[in-house]
2 protein chains.
Amino acid sequence: MSSKTKQKKMADYITTTTDNSKKRARNNDGDDSESKKPKSTQVDLNKINFDCERKSAKGLTWNLKIVSWNVAGLRAWLKKDVVEYLKKENPDIICLQEIKCTEKQMPDEAKLSGYKIYINSGDKAGYSGVALYSKTIPISVRMGKEIKELDDTEGRVIEAEYEKFFLVSTYIPNAGAGLKTLPKRMKWDEEFRKYLKELDTKKPVVLTGDLNVAHEEIDIANPKTNTKSAGFTKEERDNMSLLLEQGFIDTFRILNPEKTGAYTFWTYFHNSRAKNVGWRLDYFISSKRFMDNVCDSTIRNEVLGSDHCPIVFYINV
Amino acid sequence: MSSKTKQKKMADYITTTTDNSKKRARNNDGDDSESKKPKSTQVDLNKINFDCERKSAKGLTWNLKIVSWNVAGLRAWLKKDVVEYLKKENPDIICLQEIKCTEKQMPDEAKLSGYKIYINSGDKAGYSGVALYSKTIPISVRMGKEIKELDDTEGRVIEAEYEKFFLVSTYIPNAGAGLKTLPKRMKWDEEFRKYLKELDTKKPVVLTGDLNVAHEEIDIANPKTNTKSAGFTKEERDNMSLLLEQGFIDTFRILNPEKTGAYTFWTYFHNSRAKNVGWRLDYFISSKRFMDNVCDSTIRNEVLGSDHCPIVFYINV
DNA sequence: CATGTTAAG
DNA sequence: CTTAGCATG
């Protein structure tokens with residue numbers, strides 16, 4: 001049974017695509033002859049296998065696909081043929097982090113038809129912000145600011161309840177240059193850990209997003225020179241360990257225990273991406289008891305659009 | 001006698017071109033295959049007549065050419081084939097306004113060989129700033145901050161003394177959105193007028209640059225709708241009249257009394273330049289008694305590079 | 001609409 | 001290096 005047929009039956013019955021298409025009725029005296037083609041900033045998408053051969057522990061084929069992507073500014077990201085990619089990937093749920101815009105600022109091209117869209121954009125303009133796209137309407141949705149355990153004024157968390165699991169998409173605070181916001185991060189990690197522990201008592205949890213930490217040495221290209229860098233301090237790594245000790249699994253790593261060079265982020269400096277000098281900062285973390293539903297957890301390292309790449313989670317529910 | 005021969009004998013005996021060429025020795029693993037050609041942003045320069053047929057009142061041909069240009073950010077301006085234009089224009093003196101950079105920030109491409117370069121960059125980073133390029137070394141040069149009559153902390157004035165005249169290049173303060181800096185502008189105009197009056201007692205003065213005022217209705221495309229706009233208020237226009245009443249001449253206008261549609265600035269909005277919805281804000285103003293030396297005062301409205309175009313002054317000295 | 005900041009990553 | 005903000009024009 002192909003994924004296409006599976007996905008077809010879930011899609012297209014709901015849309016939030018507004019049609020007040022912000023037509024730029026501007027004072028333009030017919031002088032737009034220059035047709036600036038932005039020249040494809042995307043790789044050849046035909047080389048990508050969007051399906052997944054792996055089965056769940058119970059031998060079942062996936063029937064739900066989740067994509068997570070730190071877009072580092074949704075408006076700039078949209079200009080890089082990312083919608084074409086998303087259409088081919090065709091996930092049931094899309095989690096975006098660092099959208100850096102409000103719902104009002106969101107261009108129409110971002111309002112993918114077939115998805116219900118939830119946005120938590122936070123207070124500071126142009127900073128942080130997360131979005132969740134879902135083909136099916138979740139049982140319930142909570143923004144970070146509605147979650148009592150969290151102090152989320154910056155648009156860092158969206159929680160969506162589905163029949164078999166909670167999905168939590170997050171953009172965890174960066175510890176900052178010179179680690180100047182490491183204390184804020186430590187506080188966040190603690191609160192977030194408690195929140196997930198509590199949530200996990202109700203129903204299995206799938207946590208995804210930019211956790212802003214490379215957990216182990218295998219998860220970063222230059223472990224030795226980055227022990228004082230935001231995202232690879234002992235403090236942040238230990239907090240990730242604490243989270244996992246609460247009964248959560250790093251799904252990519254458990255499926256690929258020895259795989260090196262598997263990163264989801266490369267700084268824009270020094271051609272890092274071309275050299276694969278990267279970090280694995282984006283994860284699908286699953287409640288241990290939900291692992292039987294997991295088919296695969298993969299990294300789309302070819303796909304361009306921001307300094308992070310998308311990651312893909314295939315499950316059977 | 002061609003201007004080329006004339007200019008040859010003045011040129012090339014002085015240069016400030018430093019050769020510590022800021023070579024970007026960067027961590028670049030041979031991945032710069034993309035050779036991004038910026039595609040010509042300039043018009044066809046061969047269509048321009050860089051010479052001037054007009055003679056001075058005494059029947060003499062020009063032997064000194066001055067160009068003035070508000071570049072609206074020298075670093076961005078440099079990317080628009082402007083050096084190619086300047087080489088073909090080949091002026092003896094170049095006055096630039098709104099360079100928005102310091103001497104240290106100035107790219108090497110801006111250090112045109114054959115010219116001595118003087119820079120007044122002011123305090124605020126990326127704001128205002130003027131430069132003067134001269135093939136011959138002036139008798140003396142004063143920056144605005146060295147002129148006692150002026151309070152020039154923003155990099156708005158360079159004064160150069162030549163044998164027969166003073167050249168003053170200026171970028172006059174904009175009255176601002178909602179005219180919120182009109183008081184500052186009024187104060188500046190008064191001080192500047194006094195300064196020029198004093199200077200004019202010593203030697204004839206040529207004032208050039210962005211005076212940030214369209215003097216008369218003929219100097220602006222939409223006089224009726226701009227009476228409350230910075231650059232066309234009664235206050236600013238009256239101050240320009242006061243300056244002229246002190247014994248100065250608007251050289252372009254005296255040579256072209258009825259010429260309409262002659263502008264040196266077009267806002268970037270609404271395709272103004274393509275529609276020639278512009279303002280004449282850039283001038284060559286001459287002491288009345290120096291008018292006998294003036295051959296022509298022209299506008300290079302075809303030449304691209306900023307929201308202003310260059311203006312050219314041909315004199316015999 | 002364009003330029004050069006700034007803060008943040 | 002890149003995004004988005006802002007102030008200024």
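As a basis for the values below, the full set of heavy atoms in this structure was taken, side chains included, without hydrogen atoms, waters or symmetry mates. Residue numbers begin at 1 in each chain, while the letters A, B, ... track the order of the sequences. Computed from a prediction, not measured in an experiment: that's the story for all the values here.
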Just the atom pairs and distances: protein N or O near nucleotides 6-9 of chain D's N or O, under 3.5 Å.
residue: D:dG9; atom: OP1; partner: B:Tyr127; partner atom: OH; Å: 2.5
residue: D:dG9; atom: O3'; partner: B:Glu98; partner atom: OE1; Å: 3.4

Exercise. Are any side-chain N or O atoms of B:Gln105 and backbone N or O atoms of B:Thr102, one a donor and one an acceptor, separated by less than 3.5 Å?
Worked result: yes
For this session: Mind checking side-chain hydrogen bond (donor to acceptor under 3.5 Å, both in side chains) for B:Ser229 and listing every partner two or more places apart, or none if nothing turns up?
Result: B:Asn226
Exercise. Can you tell me how far P of C:dT3 sits from CH2 of B:Trp69, to the nearest Å?
Worked result: 13 Å
Problem set entry | Closest to side chain of B:Lys80, choosing from D:dT2, C:dT3, D:dA4 | C:dT3
For this session: Grab the CG-P distance between A:Leu304 and D:dT2 for me, whole Å please.
Result: 12 Å
Problem set entry | Crowding at NZ, B:Lys184 (>12 non-hydrogen neighbours, <6.0 Å) | yes
Problem set entry | Gap between atoms CD1 and P, on A:Ile99 and C:dG9 respectively (whole Å) | 16 Å
Seminar exercise, completed: Separation of D:dC1 atom C1' from A:Asn271 atom CG, nearest Å, is 10 Å
Exercise. Listed by chain and number, what are the side-chain hydrogen bond (donor to acceptor under 3.5 Å, both in side chains) partners of B:Asp151, not counting sequence neighbours?
Worked result: none
Exercise. Ring centres of A:Trp69 and A:Tyr85 under 6.0 Å apart?
Worked result: yes
Exercise. Atom NZ of A:Lys79 and atom P of D:dT3: how far apart are they, to the nearest Å?
Worked result: 8 Å
Problem set entry | Cation over ring face, B:Arg280 and B:Phe252, 6.0 Å, 45° | no
